[in-house]
Amino acid sequence: MEGTPPTAVISTRGLTKHYGSVEALTSLTLEVNRGEIYGFLGPNGAGKSTMIRTLLGFLHATSGGATVLGMDIALDSVEIRRLTGYLPGGISLYDSLTGEQVLDYLVDLQGREPRRRAELCDRLELPGSVLRRKVRDYSRGMRQKIGVVQALQHDPELAILDEPTEGLDPLMQHAFYRILDDLRREGRTVFFSSHVLSEVERLCDRVAIIRAGRLMAIHDVGELLARRRRRVMLRWRGTPDLSALPGLEDVQVDGNRVIGMLSGEVAGFVRAIASPSLEDLTIEPASLEEAFLEYYAPAEDAEKAT
Amino acid sequence: MSGRLLRQTLRWQRVRLIVILVAGIAWGVLIPIIYGAFSEVFRDLVDSGAFPRELMNFGSGSLFTLPGAVTLGLQHPLAIAMVAIFAVGASATAVAGERASGTLEVLLARPISRLTLYASILGALLLAVLLVLGAILGGMIGGSVLQGITDEIDLGQMPLVLLNGFGLWAAFTTFGLAASVSFDRPGPAIGVSLAYLLANYFLEILGSLWPDAAWTQDYSLFHHFNPGQILTGELQAIDLVIVFVAALVPMIFAIVIFPRRDLAAPA
């Protein structure tokens, strides 16, 4: 490749994959930019893995096309995989090898130096004593850690991770999130599928939501969070004054307690309700859950949502 | 072909290969010893009419001559089983097994084309087959030396025996690997490959035991590997052509099919 590298690290145009009459992916068009952590969300069977496997050449598109790192997935699959790190969902490893042998074997086939291995093993708490044990003796979480290391050890330009925190304990999940934060800082691109909303919220710059093989929406996570409604709970001394609650919707009054959903700016709302008779105020963090659940809902509800 | 993949494939088979090589040498040594010790007894039995000659033959082999004994040694179920461990068992499970266990996608996430993967596995398995055949033939030469009967065979023809035998077993190996790249689970791949081997073997043995069914032998690949004929300087070039064409056809099938297959997520 010559000249400036393309901004879009992954670019799909009407990507479609059908198995006979089953529409696994239908006309999927999206772009993932360089240096972005891009979440790919959808319920089980939505087509997330199909999309990833098509990008990596395991599946052949029925129609449409895609480029990864500026290369065509149908023509340059081997070169794409040279520059990519991939963690399959529910990874399987060679049970008869030790963790270290698996990592050596796979990085050798990758044809690149395992520049990040030591750091990753350290951060994911995989000491030499663990790496020297046979994979068959590993727990699911340990296998997943090895999976993460094998995907990232050669410092790929693009990491494609299929449900990467599956099987990791909360501590290791956070260690993994910090690894992804560092990758983002270094300008690496991460495309990962998940159905864990909190981790998408925590990590992603943008998110695409897929359902039944169709792209339902693409959102900027920051904007989505800013626009989301927050659950607010207020308690007054005496009877609450409902006229001074700007932006509060779905209000429910229970004695001296008011519960509602706040949209828009928090600061203006807080200024407006400031009063000596206000006894307690709780504003829950904005969550993406509500937004995503609209897309996860049955077809007719989802159509209304779009 | 990837040298790393080839080496690793051989490494997976390492223990099995060592055991089979030792067994192959032992079996090979035993054949000339059995021939030396019992050929006269068998000949007398047949000449006396107490035992039908057909039952003293096995496939194209017999115990009446050393070349016949070499043929028998290579067509005996024990020798078949030794080579088939790699030509059928290992080849049929090579790709389908990795596919079923989920490791195939970890492997193919590397910059390796499916053709490279196929060629590397095939290369390793053919090498294993060649080594096992070499061990059995080497054992036979050793046994003949021990018995002092090397003058009964033309040792200079042994490379041709190896070549013909390799062609025969390459046909079963490429068939097994073609089945392996066509199925998602090793069970059906092993079943189809084993059925192919047994059908060929059945046709050959049936024809040798029942003169009226001798025509069935022409349809068996085993019939196109006759070490006895080669050792007496009567190699039929057509036999070589048939076994190598039989090896080539599944190879072409696999080369066409494997890269075009969709590898969906393992169930």
Side-chain angles (χ1 to χ4, degrees), chain A residues 17-20 22 24 45 47-50 52-62 74 76-97 101-112 135 143 146-147 150-151 154 156 159-163, chain B residues 1-19 90 93-121 123-124 181-186 255-267:
Chain A
K17 177 66 194 172
H18 293 172
Y19 297 102
V22 178
K48 303 186 296 288
S49 296
T50 300
I52 288 175
R53 298 177 80 86
T54 308
L55 291 178
L56 290 170
F58 296 126
L59 300 174
H60 304 284
T62 307
D76 306 307
S77 181
V78 170
E79 193 51 33
I80 287 170
R81 282 178 272 141
R82 188 184 310 283
L83 302 172
T84 305
Y86 171 51
L87 172 66
I91 188 169
S92 298
L93 300 165
Y94 296 99
D95 283 353
S96 60
L97 300 182
Q101 285 169 333
V102 167
L103 293 174
D104 284 346
Y105 178 46
L106 295 178
V107 84
D108 195 6
L109 292 173
Q110 193 74 40
R112 291 173 69 171
V135 169
R143 284 169 193 251
I146 293 284
Q150 66 80 31
H154 55 285
I160 297 180
L161 313 171
D162 197 352
E163 303 193 354
Chain B
M1 192 183 289
S2 155
R4 182 73 166 103
L5 265 176
L6 187 141
R7 285 195 301 278
Q8 188 60 47
T9 307
L10 281 174
R11 200 169 293 160
W12 299 135
Q13 305 292 336
R14 183 178 46 197
V15 175
R16 198 179 301 172
L17 185 59
I18 291 169
V19 170
T93 54
V95 177
E98 293 236 24
R99 175 101 180 87
S101 69
T103 48
L104 184 64
E105 62 180 334
V106 179
L107 207 55
L108 287 176
R110 312 301 127 189
I112 300 163
S113 72
R114 294 190 203 176
L115 283 184
T116 303
L117 177 70
Y118 171 79
S120 307
I121 293 173
V181 302
S182 306
F183 290 102
D184 288 337
R185 288 175 296 121
I255 288 170
V256 172
I257 291 295
F258 190 34
R260 285 164 182 76
R261 274 201 72 203
D262 276 335
L263 301 174

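We name chains A, B, ... by the order of the sequence lines, and we start the count at 1 in each one. Here the structure is a predicted model, which is why all the values come from computation and not from measurement.
Residue A:T50: no heavy atom, backbone or side chain, is found under 4.5 Å from chain B. For a residue to count as touching a neighbouring chain, one of its non-hydrogen atoms must lie under 4.5 Å from one of that chain's; by this rule A:Y105 touches chain B with backbone and side chain alike. A:L97 touches chain B through its side chain: at least one heavy atom from C-beta onward sits under 4.5 Å away, while N, CA, C and O do not. Residue contact with chain B, scored on non-hydrogen atoms closer than 4.5 Å, involves the backbone and the side chain of A:Q150 alike. Interface residue A:R82: backbone and side-chain heavy atoms are both found under 4.5 Å from chain B.
Side chains of B:R99 and B:F183 form no contact here, defined as non-hydrogen atoms less than 4.5 Å apart. Between A:Y86 and A:I52 the shortest side-chain heavy-atom distance falls below 4.5 Å. Residues A:I91 and A:I146 form no side-chain contact, since every pair of their non-hydrogen atoms from C-beta on lies 4.5 Å or further apart. Using a 4.5 Å heavy-atom cutoff, the side chains of A:Y94 and B:L107 are in contact.
With chain A as partner, the option from B:A109, B:P259, B:S101, B:G102 having the largest number of non-hydrogen pairs under 4.5 angstrom is B:A109. Counting heavy-atom pairs under 4.5 Å between each of B:T116, B:L104, B:V106 and chain A puts B:V106 at the top. By number of non-hydrogen pairs under 4.5 angstrom with chain A, the leading residue of B:R114, B:R261, B:Q8, B:E105 is B:E105.
A salt bridge does not link A:D104 to B:R4: none of the charged side-chain nitrogens sits closer than 4.0 Å to a carboxylate oxygen.
A donor-acceptor pair is defined here as one N or O able to donate and one able to accept, closer than 3.5 Å; no such pair exists between the side chain of A:Q110 and the backbone of B:P111. The backbone N or O of A:T84 sits less than 3.5 Å from a side-chain atom of A:H154, completing a donor-acceptor pair. Using a distance-only test at 3.5 Å, with no hydrogens or angles considered, no donor-acceptor pair links the side chain of A:T54 to the main chain of A:A61.
When the side-chain contact (heavy atoms from CB on, under 4.5 Å) test is applied to A:R81, the partners found at least two apart in sequence or on another chain are A:L56, A:S77, A:V78, B:L108.
Scanning all heavy atoms of the two residues, the minimum distance from A:L109 to B:S2 falls at CD2-OG, 4.1 Å.
Contact residues of residues 9-18 of chain B toward chain A are B:W12 (heavy-atom distance under 4.5 Å).
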